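One structure is given below, encoded as structure tokens.
Predicted model only: the values in this text are computed from it and were never measured. A, B, ... follow the sequence lines: proteins, then strands. Residue 1 opens every chain.
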2 protein chains.
Amino acid sequence: MKKNRAATPEIIDNLRRVFQVITEYSKTAEKTSGITGPQLWALKILAKTSPLRVSELAHQMYLRPATVVGILDRLEGKGLVTRTRSKEDRRAIDLNLTEKGKDVVAKAPEVAQVMLIRGLEELTDEQFTKVSEGMDLLVRILGADAITPQPLHSA
Amino acid sequence: MKKNRAATPEIIDNLRRVFQVITEYSKTAEKTSGITGPQLWALKILAKTSPLRVSELAHQMYLRPATVVGILDRLEGKGLVTRTRSKEDRRAIDLNLTEKGKDVVAKAPEVAQVMLIRGLEELTDEQFTKVSEGMDLLVRILGADAITPQPLHSA
DNA sequence: GACGAATTATTGGGATGCAAATATTATTAG
DNA sequence: CTAATAATATTTGCATCCCAATAATTCGTC
């Protein structure tokens, strides 16, 4: 019961392309704004909700706290973020944007996610359904249903 | 002309899941075979065609030579790969698998790509078309048509 | 043949990413 | 109240990844 699945390698290549264009986009943003994709991603989250704790930020970025600490070190070093010991819980750290940090967010280019959202908006209902259901199927194939989403390099 | 696009964040989350499960898969392979995804990926390429030069291997892996050098250092350190100065061009290096290296490749688990191929085979024609066309649309949205596919962490 | 340009692999420095171990503080059990 | 436990952020060590600079070799041009 073999089927004609000539498009299979193409699907995989397309997955690669999507992945690459997103990381590529992250690098472009890095050159124009001076900060990396993950750094900008962290700033954007803090711009929406702050103060935030390290663990909360890590959760929203789908990253481990240990990873976020390094990103925060560099953001703090650039004077874009402040770390303050929380008064309620002295184990925790309150993260806040500096004025400079808010500036960077305001001037930063859109992240790839916005590109995706806009592109998806332009699709017809039928096309949108194909993308949506197609991704669902891919996720199911990989048994990724229960997986926590990953960063996508600041998409 | 607003459309109901509630599934948009879900699509993006699904993209994240797909990438994560692939990197996750790479880590599983690391635990069972003792080597990492990119390392196994390099071995598999060398198993198919060798000798190979560093630049050629890098090209086939869609990685920079500088990156591949590090991977080769570790593979050589484990005694899975040999580096020999080429006689025709003394700038170049001939890469070969050792017997131990061939052994590892033979016993290594399938990479994520195989998982995808098998999963795609199980779909009905209608489902397959959705995945295929859905990915096409995503690629077009991102303007990724002209992009050379990237590695996907040894997928 | 000689000198500049291109090619090849490597090194060095920076940024993600993870897991495991650590120090500090909070909470819970007894 | 005290001791064990859990939560929080960090540090350390490792493996990818990139770019830029370097050293060695080859090629091309004069």
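As a whole-Å value, the separation of A:L57 CG from D:dT10 P is 11 Å. As a whole-Å value, the separation of B:I35 CD1 from D:dC14 C1' is 16 Å. Computed from coordinates, the B:M61 CE to D:dC17 P distance equals 7 Å when rounded to whole Å. Following rounding to the nearest Å, A:H59 (NE2) and D:dA7 (P) show an atom-to-atom distance of 14 Å. Rounding to whole angstrom units, CD of residue A:Q39 and C1' of C:dG17 are separated by 14 Å. Computed from coordinates, the A:E88 CD to D:dT8 P distance equals 13 Å when rounded to whole Å. Residue B:L40 contributes atom CG, which lies 15 Å from atom C1' of D:dA15 at whole-angstrom precision. Atom C1' of nucleotide D:dT8 and atom CG of A:D94 are separated by 12 Å, given to the nearest angstrom.
Between the A:S50 side chain and the A:L46 main chain, a donor and an acceptor come within less than 3.5 Å of each other. Looking at B:R85, its side chain does come within 3.5 Å of a backbone N or O of B:R91 through a donor-acceptor pair. Here the side chain of A:T98 pairs a donor or acceptor atom with the backbone of A:G79 at under 3.5 angstrom.
Taking 4.0 angstrom as the limit, B:R90 places none of its side-chain polar atoms (N or O) nearer than this to OP1 or OP2 of D:dA24.
Side-chain atoms of B:Q39 and B:L80, non-hydrogen and from C-beta on, never get closer than 4.5 Å to each other. Proximity of A:M61 to A:T67: side-chain heavy atoms (C-beta onward) are nowhere separated by under 4.5 Å.
For DNA chain D, the residues of residues 66-78 of chain B within the heavy-atom distance limit of 4.0 Å (strictly under) are B:A66, B:T67, B:I71, B:R74, sorted by number.
For A:K87 against A:R90, the heavy-atom pair with the smallest separation is O-CG, 4.4 Å.
The distance from the NE2 atom of A:H59 to the CD1 atom of A:I45 is 11.0 Å, given to the nearest 0.5 Å.
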Could you walk me through whether B:E133 and B:T129 pass the side-chain contact (heavy atoms from CB on, under 4.5 Å) check? CA-CA 6 Å; B:E133 293 183 7; B:T129 301; 3.2 Å; yes
Output one line per pair: protein atom, nucleotide atom from nucleotides 3-8 of chain C, and distance, for all N/O pairs under 3.5 Å.
residue, atom, partner, partner atom, Å
C:dT7, O2, B:R91, NH1, 2.8

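When the nearest nucleotides of DNA chain C are assigned to A:R85 and A:P65 by heavy-atom distance, the more 5′-ward of the two goes with A:P65.
The number of heavy atoms from other shown groups lying within 6.0 Å of CZ (B:R83) is above 12.
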